[in-house]
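In what follows, a structure is listed as structure tokens, so that the remarks can point back to it.
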Protein chains: 2
Amino acid sequence: MSSAPPPAHPRPGGGRTGRPRDPAADRAILHATRTALVELGWGKLTMSDVAARAGVAKTTLYRRWAGKSELVVDAVAALFDEHLELPDRGSLQADIEGVVLRFAALLERPEAKTALMAVVAESTRDDALRDRIRSAIVDRQKSLVLLGRERAQARGELPREDDPEVAARTADLIFDVIAGAVVHRTLVSAESVDTEWARGFAGMLVGGLASVRSFP
Amino acid sequence: MSSAPPPAHPRPGGGRTGRPRDPAADRAILHATRTALVELGWGKLTMSDVAARAGVAKTTLYRRWAGKSELVVDAVAALFDEHLELPDRGSLQADIEGVVLRFAALLERPEAKTALMAVVAESTRDDALRDRIRSAIVDRQKSLVLLGRERAQARGELPREDDPEVAARTADLIFDVIAGAVVHRTLVSAESVDTEWARGFAGMLVGGLASVRSFP
DNA sequence: CTCTTACGCTACGAGCCGTAGCGTAACTGG
DNA sequence: CCAGTTACGCTACGGCTCGTAGCGTAAGAG
């Protein structure tokens, strides 16, 4: 929950003795990581380079993060913390359009573009990394879906669900559809998500939700 | 179009003189690449290792492919050629369910799982690689969407489009929604695409298409 | 038989990885 | 003020991969 990046190797003893870690170093390292991602991309980013950019010894990097993947996850997670929210635009359709455009704007950033898919790819063989991505990035996105549904229910645009399990499954489905479509459009099809696309997508999704409601 | 992997450095002169390349080596290399992907994953796969597995000198690898990314794209593209098709199940909804399940089965394979996202990530900074992915993988998937629409139009489930530009935009949208949702569900949410999910997704998509049709 | 290209092999400089060892700095509790 | 504990910077290291060069040989075309 704290937006401060959690150290990979948390403080051993519960006691808080000894020299404390320099918080400025964390900030410098994460900033240097994003800069390096922009300039070099995931593939050519190296721990040595990040350390040099941050004005920090390489050993300090390894004391806080287990490796490149963990470091990059924390670096891009900070972007999501800053730029991802759900503005209330008055209708479900407009809310979806809004969040789609914001998410797309995030993915257009070269840091996020090159890093997100790479760490996800890495996470297919690393459960700890998958958990880190989930808690640092994915869960925060998913909460926007839940918030959007709640607003739509308050407006009467969507029915209140009775079965919590069905509700959860539906929310997961919507989340995968929204996030998946935006990511695929941006990174695989490599075309921009403009207002026109967002409107068409949101219209289709709202229509689909309405039809599912009428055919249970 | 030819399912044979195109060499990265095509034959220089139009003339076909000199010793011809060994086609068996291509097959051995691509097979070794898939095996290495299964055992090591993208991150730990090395050109040296692939060469050793294929019983081929490392230099031969570099004579045919510019690097790891290009090699892996060709290796997984072969999987798509073999296992991706659109069975005619009699209705638009059933067709979508079918292609979703097939695509998901492909993504469950460890070779594809670890490789696809990685090469897409790499392609964000490499236009040539992006084109290679597009022609070897993405365009073939997209053609299934066009085929599915044609069948649905023949059945009368979807209207024939007048404006070809609108038709193309809609097809692109559908493609990003389908492929994106399946990829996101499988790789990011890391949950399996079973028949139940496929039914729910296809139902929502068909409903959305219907609603778009009625509100132009 | 010559020309051309592919192949295997060896060797190489370069770069990064991740860790160990050391001396020093900062903060805590007695 | 002083020991105990932890963080930091620095240096150095073995191990690995990269991508290329150079050589001798193999397999086709004319």
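Letters A, B, ... mirror the listed sequences (proteins, then strands); counts begin at 1.
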Hey, is the side chain of B:S48 poking within less than 4.0 Å of OP1 or OP2 on D:dC18, counting only N and O atoms?
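The answer is yes; a side-chain N or O of B:S48 sits under 4.0 Å from OP1 or OP2.
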Would one find a side-chain N or O of A:T60 under 4.0 angstrom from OP1 or OP2 of D:dG9?
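So the side-chain polar atoms of A:T60 do come within 4.0 Å of the phosphate oxygens OP1 or OP2 of D:dG9, strictly under.
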Pair [X] + [Y], salt bridge at N-O below 4.0 Å:
X: A:R53; Y: A:E39; value: yes
X: B:K44; Y: B:D49; value: no
X: B:K142; Y: B:D172; value: yes
X: A:R169; Y: B:E196; value: yes

How many Å lie between [atom1] on [X] and [atom2] on [N], as a whole number?
X: A:E70; N: C:dG18; atom1: CD; atom2: P; result: 10 Å
X: B:K58; N: C:dA11; atom1: NZ; atom2: P; result: 13 Å
X: B:R21; N: C:dT5; atom1: CZ; atom2: C1'; result: 10 Å
X: A:L61; N: C:dG18; atom1: CG; atom2: C1'; result: 12 Å
X: B:W65; N: D:dC18; atom1: CH2; atom2: P; result: 15 Å
X: A:R53; N: C:dC16; atom1: CZ; atom2: P; result: 12 Å
X: A:L40; N: C:dG15; atom1: CG; atom2: P; result: 14 Å
X: B:Y62; N: C:dA11; atom1: OH; atom2: P; result: 19 Å

Regarding B:D22, tell me which of base, sugar-phosphate or nothing describes its non-hydrogen contacts under 4.0 Å with the strands shown.
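Sugar-phosphate contact only.
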Classify every nucleotide of nucleotides 23-30 of chain D by which part a protein heavy atom approaches to under 4.0 Å, writing B for the base, S for the sugar-phosphate alone and - for neither, in 5'-to-3' order.
---BBBS-
Which comes earlier along DNA chain D counting from the 5' end, the contact point of A:A57 or that of B:L45, where each point is its nearest nucleotide?
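By nearest-heavy-atom nucleotide position, the 5'-most residue is A:A57.
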Do side-chain atoms of A:D95 reach the backbone of A:D88 as a donor and acceptor pair under 3.5 angstrom?
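No, the answer is negative, given that no donor and acceptor are paired below the 3.5 Å cut-off.
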Is a donor-acceptor pair below 3.5 Å formed from side chain B:T59 to base C:dC9, judging by atom type as modelled?
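Pair found.
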If you define the side chain from C-beta out and look only at heavy atoms, does anything of A:W65 sit under 4.5 Å from A:T33?
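They are not in side-chain contact.
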Salt bridge (charged side-chain N to carboxylate O under 4.0 Å, His left out) between A:E108 and A:K113, worked out
CA-CA 6 Å; A:E108 296 285 358; A:K113 201 178 227 167; 3.8 Å; yes
